[in-house]
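Here is the structure we will look at.
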Amino acid sequence: MEYCELTSSKKALRGDALCVIHSGGRVDSAAPLTIDLQMQRLGGPSAEVWYANGPVRAGRDGIVRYAHDDQLMVAVIEEDERACGGIRSCAEIVYAAVRKFQEECGFPHLLRMWNYLDAINEGAGDTERYRQFCVGRALGLGKPSHKQLPAATAIGRQQPTHQLQVFWVAARNGGTAIENSRQVSAYHYPREHGPVSPSFSRAMIAPDGTVLVSGTASIVGHVSQHEGNAQAQLAETLRNLAALMSHGSVRSDTARYQDLLKVYVRDPQLVPMIAAQLAQTHPGAAPIFLAGDVCRRELLLEIECVHLRLEHR
Ligand code: 3EB
């Protein structure tokens with residue numbers, strides 16, 4: 001996979017594209033599956049492209065749109081919350097559909113999931129929409145063992161769509177979920193963060209060695225750090241990412257790696273500061289910047305990462 005520019009006429013989409021995930025507004029994608037993030041892009045490449053190895057099949061199964069090759073499946077559900085009776089039941093309906101589809105599709109291993117919803121921090125205490133989303137997600141997904149939880153991102157849109165959008169990458173063969181030594185596993189978060197702890201792992205090592213890193217923020221243990229200080233939150237987030245990459249299961253052989261970064265910021269004015277810092281720590285990374293709300297209201301930014309072995313796609 002890669003992050004690339006698809007809005008300019010200079011670059012055409014390769015014929016072996018499996019899925020295009022874009023935030024460019026006017027990306028004319030001929031990919032078997034195209035997903036529009038419906039979020040404002042503040043900088044960086046307009047698209048994330050997953051490539052196929054060999055023949056591709058694409059289609060629709062109920063509310064699921066999907067495309068797959070022999071090893072990998074990308075699938076998406078977009079549901080209008082208003083037709084589901086709110087975010088909690090919408091998440092339950094969507095995740096029950098994910099679970100059913102995953103049981104039948106032949107790609108049983110969830111590797112990575114993205115969740116985008118409107119107004120993620122609206123509502124006080126346990127009624128907060130993110131917490132209600134977590135309740136519905138857990139109900140719909142059922143009780144998989146922690147080992148099988150995918151890496152994930154959950155971000156709030158700043159412009160209303162009324163839509164819960166969930167998309168995911170699943171595989172024929174299982175990956176290895178890993179946790180962060182600096183952080184309490186999200187599925188073990190204490191009660192103070194909501195009635196149901198979030199169902200995701202910190203990162204998933206895919207069968208080909210690619211590390212799919214969850215949205216990572218300024219949280220140490222289970223506690224948000226540096227409220228109101230974006231620069232310090234960024235530094236803490238980068239320490240969390242570094243700690244994850246030093247996990248014993250992440251291959252650190254002589255192969256060359258590239259880190260693809262996607263940065264979500266609450267306030268567009270933070271982009272220049274973050275871009276300057278990332279140019280130091282991740283030279284040549286060309287991060288994607290999106291305007292989005294982190295699921296804890298005190299957190300100003302979140303970074304997800306794909307740690308790619310360059311020999312592989
Ligand atoms: C955190 O570490 C920050 O609910 O799926 C990051 C990634 C976060 C995924 C999710 C939430 C989720 O708790 C928030």
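In this text, all values refer to a predicted model and were calculated from it rather than measured experimentally. Whatever order the structure lists them in is the order used to number ligands and atoms, beginning at 1.
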query = Between Glu302, Gln183, Met113, Arg202, which one has a non-hydrogen atom sitting closest to atom 2 (O) of ligand 1?
reply = Arg202

query = Run the salt bridge (Lys or Arg N to Asp or Glu O under 4.0 Å) check on Arg191 and Asp126 step by step: do they pass?
reply = CA-CA 10 Å; Arg191 178 66 181 84; Asp126 287 348; 2.6 Å; yes

Do me a favour and list the nearest non-hydrogen protein atom to [atom] with residue, atom name and distance?
atom	result
atom 12 (C) of ligand 1	Phe200 CE2, 3.2 Å
atom 14 (C) of ligand 1	Cys295 SG, 3.2 Å
atom 6 (C) of ligand 1	Gly215 O, 3.3 Å

Numbering as shown, the atoms of ligand 1 that approach [X] to under 4.0 Å (heavy-atom distance):
X	answer
Ala152	5 (O), 7 (C), 9 (C)
Ala154	4 (O), 5 (O), 9 (C), 10 (C), 12 (C)
Arg137	4 (O), 5 (O), 10 (C)
Tyr189	1 (C), 2 (O), 13 (O)
Ile219	1 (C), 2 (O), 3 (C), 13 (O)

remark   = Distance col, row Tyr66:OH vs Arg60:CZ, nearest 0.5 angstrom, shows 11.0 Å

query = Can you find a non-hydrogen atom of Ala186 under 4.0 Å from ligand 1?
reply =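 For ligand 1, residue contact (heavy atoms, under 4.0 Å) with Ala186 is absent.
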
Heavy-atom pair with the smallest gap, counting every atom of Pro160 and Asp118 = CA-OD2, 3.4 Å

ask   = Quick one: does ligand 1 sit under 4.0 Å from the side chain of Val294, the backbone, both or neither, non-hydrogen atoms only?
value = neither

query = Which of parallel (below 30°), tilted (30 to 60°) and perpendicular (above 60°) describes Trp114 and Phe167?
reply =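 Correct class here is parallel.
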
query = When the ring planes of Tyr116 and Tyr264 are compared, do they come out parallel, tilted or perpendicular, using 30° and 60° as the limits?
reply =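 Ring orientation, 0 to 90° scale: tilted.
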
key: Charged tip of Arg296 within 45° of Tyr189 ring normal and under 6.0 Å   = yes

task = Evaluate the criterion salt bridge (Lys or Arg N to Asp or Glu O under 4.0 Å) for residue pair Arg99 and Glu103; output intermediate values, then yes/no.
result = CA-CA 6 Å; Arg99 181 190 187 172; Glu103 282 168 0; 3.4 Å; yes

ask   = Do Thr161 and Gln38 have side-chain atoms, one donor and one acceptor, less than 3.5 Å apart?
value =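 Result is no, nothing qualifies.
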
ask   = What about Tyr130: any of its N or O atoms under 3.5 Å from an N or O on ligand 1?
value = yes

